[in-house]
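These numbers come from a predicted model, not from an experiment. Every chain is numbered from 1, with letters handed out A, B, ... down the list of sequences.
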Amino acid sequence: MRAHFEEGWQVPRHAAIARQIMLSGLVGPRPLEGWRMAAGLAFVFSRDGQRCWAAGVVADRQGNYVRQVIDAAPVPVSYTAGLLAYAVGPAVQQVLNQIDEPPDVLLCLGHGLAHPRRCGLACHIGLIYDIPTIGCAQRLLIGEHKPVGPDPGAGEPVADNGEVIGAALRTQCGANPIIVSIGHNLDLSSAIAVVLSSVVESRWPEPLRCARQLARQARAGCEDQ
DNA sequence: GCGACAG
DNA sequence: ATCTTGTCGC
């Protein structure tokens, strides 16, 4: 599967878009059987957007962290909506390459299938490493959904032109829903189950919240951003 | 005026 | 940390 990424992340916009369209056909939804280790992957940008800090954490089902990796890399292609993967790709890969034992499922910041070309960051990562991935985003990039009920666990499908591409999921009382979509190698109901079982007291699944915090700390430790 | 299109 | 309002840009 890595064959499709040999050109790396620094490719022209049209090439990245073409690659996303091709990759979207490779995304495999399927039930996730039992899982033990869940990981979170998050990142932050420098103020000028030219550098990216990424962090990955692996946790067992009880929430004990067994691995933490933080790294930084230049941004090869400045972020634009729809091409997040190409901005964070190098930093993210540096992090994931240091995690020897792949987790059973990876929660990624950003979208998976809920993407204009059905190929968000979580899909890229799932395909590269051939692991189940879930996209968790703060807000919609494409599609729409009905209002979500107030209780934690309530959700509504996110649809684009009648196609269900994800779910808006209430994870906490009083917090806006997060947008969950599959990345690769699992189905939407499995993804929702993993997210809900990983939420403790934040709007975000715990590994994701932890990873984002680490990435922000790493950025804060650098004098010039 | 109207929308802000993932981070 | 999140939400909401305001502001900026198109």
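Residue A:Asn161 places its CG atom among 12 or fewer non-hydrogen atoms of other residues, nucleotides or ligands, all under 6.0 Å distant.
Going from atom CG of A:Leu41 over to atom P of B:dG7 covers 13 Å, rounded to whole Å. A:Arg117 places its CZ atom 15 Å from the P atom of B:dC5, with the value rounded to the nearest Å. In this structure, A:Ile125 places its CD1 atom 16 Å from P of B:dG7, rounding to the nearest Å. Atom-to-atom, CD1 of A:Ile179 to C1' of B:dA6 comes out at 10 Å; the value is rounded to the nearest Å. Taking atom CD1 on A:Ile178 and atom C1' on B:dG7, their separation rounds to 15 Å, with Å as the unit. Taking atom NE2 on A:His124 and atom P on B:dA6, their separation rounds to 16 Å, with Å as the unit. Put simply, CZ on A:Arg219 is 13 Å from P on B:dG7, counting in whole angstrom units. Rounded to whole Å, the distance from CG on A:Leu84 to P on B:dA6 is 9 Å.
Residue contacts for A:Ile142: at a heavy-atom cut-off of 4.0 Å it reaches no nucleic acid atom on any strand shown. Among the heavy atoms of the strands lying under 4.0 Å from A:Gln138 are primed sugar atoms or P, OP1, OP2 only; no base atom is included. When heavy atoms are screened at a 4.0 angstrom cut-off, A:Leu121 is found touching base atoms of the nucleic acid. Within 4.0 Å of A:Leu109, counting heavy atoms only, lie sugar-phosphate atoms of the nucleic acid but no base atom. Counting any heavy atom pair closer than 4.0 Å across all strands shown, A:Gly82 reaches a base atom. Residue A:Tyr79 is classed as a base contact, given a heavy-atom separation below 4.0 Å to a base.
With hydrogens and angles disregarded, no donor-acceptor distance shorter than 3.5 Å links the side chain of A:Asp60 to the backbone of A:Met37. Without hydrogens or angle criteria, A:Gln172 side chain to A:Ser202 main chain gives a donor-acceptor distance under 3.5 Å. Side-chain N or O atoms of A:Ser198 include one that pairs as donor or acceptor with a backbone N or O of A:Val194 at under 3.5 Å. Looking only at distances, a side-chain donor or acceptor of A:Arg61 sits under 3.5 Å from a matching main-chain atom of A:Trp35. Distance alone, capped at 3.5 Å, is enough to place a donor-acceptor pair between the A:Arg67 side chain and the A:Gln98 backbone.
Both A:Ile131 and A:Leu186 are assigned to one and the same hydrophobic cluster, defined by single-linkage of ILVMFWY side chains at heavy-atom distances under 4.5 Å.
One finds no side-chain N or O of A:Ser181 lying less than 4.0 angstrom from the OP1 or OP2 phosphate oxygen of B:dA6. The shortest distance between the side-chain N/O atoms of A:Arg139 and the OP1/OP2 oxygens of B:dA6 is below 4.0 Å. In terms of phosphate contacts, A:Trp53 brings no side-chain nitrogen or oxygen within less than 4.0 Å of OP1 or OP2 of B:dG7.
Under the 6.0 Å distance and 45° angle rule, A:Arg216 does not count as a cation-pi partner of A:Trp53.
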- line: Dot-bracket for DNA chain C, 5' to 3', Watson-Crick and G-U pairs with both distances under 3.5 Å, [ ] for crossing pairs, | for partner on another strand, reads ......||||
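Applying the side chain to side chain donor-acceptor pair (under 3.5 Å) test to every pair with at least one member in residues 73-90 of chain A, sequence neighbours left out, gives these pairs: A:Arg13-A:Thr80, A:Gln50-A:Ser78, A:Tyr86-A:His124.
Nearest to the side-chain atoms of A:Ser202 among the listed nucleotides C:dT2, B:dA6, B:dG7 stands C:dT2. When distances run from any side-chain atom of A:Ala81 to the nucleotides C:dT2, B:dC5, B:dG7, the shortest one goes to B:dC5.
Closest of all the heavy-atom pairs between A:Val158 and A:Ile142 is CG1-O, 4.0 Å.
A:Glu144 is linked by a side chain to side chain donor-acceptor pair (under 3.5 Å) to nothing, counting only residues two or more places apart in sequence or in another chain. Residues satisfying the side chain to side chain donor-acceptor pair (under 3.5 Å) test with A:Arg118, not counting sequence neighbours, are A:Asp160, A:Glu163.
Between A:Phe43 and A:Phe45, the ring planes lie perpendicular to each other; the angle is over 60°, past the 30° to 60° tilted range.
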- prompt: Could you write nucleotides 4-10 of chain C as a row of B, S and -, 5' to 3', where a protein heavy atom under 4.0 Å of any base atom gives B, of only sugar-phosphate atoms gives S, and otherwise -?
  reply: -------
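Remark: A:Gln213, A:Arg216 in residues 207-218 of chain A come within less than 4.0 Å of DNA chain C through at least one heavy atom.
Taking atom P in both B:dC5 and C:dG9, one finds a spacing of 13 Å when rounded to whole Å.
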